[in-house]
Amino acid sequence: MAEPLTVVIPVYNEGANFAALWDALSSQVRSPFVALVVFDFDEDDTVPVVRDLIARGETRLQLLKNSVARGVVGAIQTGFNHLEKGPVLVVMGDLSDDLRQVDRMLTLYQQGFDVVVGSRYMRGGGIVGGPWLKQLLSRLAGLSLHYLRGLPTHDATNAFKIYDREMLRALTIESRHGFELNLEITVKAFLQGYAIAEVPSLWRDRTAGKSRFQVWAWLPHYLRWYLYAFRPGAKISVQRRPRAGDLPAVR
Ligand SMILES: Nc1nc2c(ncn2[C@@H]2O[C@H](COP(=O)(O)OP(=O)(O)O)[C@@H](O)[C@H]2O)c(=O)[nH]1
Ligand SMILES: [Mg+2]
């Protein structure tokens with residue numbers, strides 16, 4: 001039987017968003033899944049909201065305390081460490097990801113893709129709101145990696161992706177700071193020949209709570225993985241054969 005989907009949701013005071021996020025996940029994702037909500041500190045205001053849902057009988061929800069290192073990278077890795085194999089989807093806790101795409105993303109995973117990207121910069125995808133500089137930089141990075149370097153996605157930096165757990169274990173993740181983790185994994189997966197696909201996805205900026213994204217502080221770390229993709233001598237091994245079925249048309 002296919003491994004069920006594990007959804008990893010890093011949270012930092014998403015108490016005002018979590019109930020609506022859970023409604024959206026429950027109503028928009030048809031495939032079976034379990035969700036791991038990863039928080040950093042006991043006073044986080046998301047924790048009581050999740051406990052309440054669990055107390056009301058939500059068996060698909062689990063709360064995990066970040067056991068790697070405080071911050072979003074450690075939280076995501078805590079989630080990764082919780083499963084042995086199968087597909088793992090990273091979803092933001094602030095309702096910014098397009099959950100209507102999850103079933104479609106999972107179908108591509110089951111067809112053998114190791115990374116399935118929710119893509120803001122391909123036809124049909126988009127961004128609503130958010131800081132213009134962050135958007136400009138991520139768009140430039142995504143499009144140049146696609147058109148100049150040949151990555152099979154237009155959006156290497158988006159966090160909203162399905163990964164194969166065994167691939168993650170094989171890659172050795174080095175990011176320690178912030179969301180540059182998404183770029184690192186995608187670039188390494190590409191250079192090592194894992195199969196990558198994308199589906200269009202609409203990203204919306206949060207309407208409640210506060211972003212903790214640090215453009216200037218994280219930029220050098222993003223740059224590291226961006227340049228890693230272009231470094232001289234970097235070879236792309238042949239894309240792996242999908243695990244099952246044929247290569248579907250992704251657009
Ligand atoms: N556990 C944990 N989650 C975080 C941390 N910083 C951000 N997050 C979560 O990561 C997701 C995206 O964060 P956000 O700050 O909105 O970044 P943005 O969407 O790129 O502006 C949200 O679910 C946040 O709650 C952190 O330090 N620890
Ligand atoms: Mg956000």
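Whatever order the structure lists ligands and atoms in, that order sets their numbers, starting from 1. Numbers for residues simply follow the sequence, beginning at 1.
A salt bridge links D42 to K65: one of the charged nitrogens lies within less than 4.0 Å of a carboxylate oxygen.
The residues lining ligand 1, counting any heavy atom closer than 4.0 Å, are P10, V11, Y12, E14, V38, D40, G71, V72, A75, M92, G93, D94, K134, F179, W203, R206, S211, R212, F213.
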### Message
As a quick check of understanding, evaluate salt bridge (charged side-chain N to carboxylate O under 4.0 Å, His left out) for R224 and E174, giving each step before the final call.
### Response
CA-CA 11 Å; R224 173 183 177 195; E174 295 164 76; 3.0 Å; yes
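Here the CG-CE distance, from N158 to M92, works out to 8.5 Å after rounding to the nearest 0.5 Å.
Using modelled atom types, one side-chain atom of R165 and one backbone atom of L83 make a donor-acceptor pair closer than 3.5 Å.
Ring planes of W218 and F213: perpendicular class, angle over 60° (limits at 30 and 60°).
Near the Mg ion (ligand 2), less than 2.8 Å away, sit the protein N, O or S atoms D94 OD2.
When all heavy atoms of G130 and W203 are compared, the closest pair comes out as CA-CZ3, 4.3 Å.
Other residues, nucleotides and ligands place more than 12 heavy atoms under 6.0 Å from the CZ atom of R169.
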Donor-acceptor contacts, no H, no angles, side chain residues 67-78, under 3.5 Å, sequence neighbours left out:
from : atom 1 : to  : atom 2 : distance (Å)
T78  : OG1    : N66 : OD1    : 3.3
T78  : OG1    : S67 : N      : 3.0
T78  : OG1    : G74 : O      : 2.7

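Screening residues 119-138 for ring-ring contact (aromatic ring centres under 6.0 Å, His included), with sequence neighbours left out, gives no hits.
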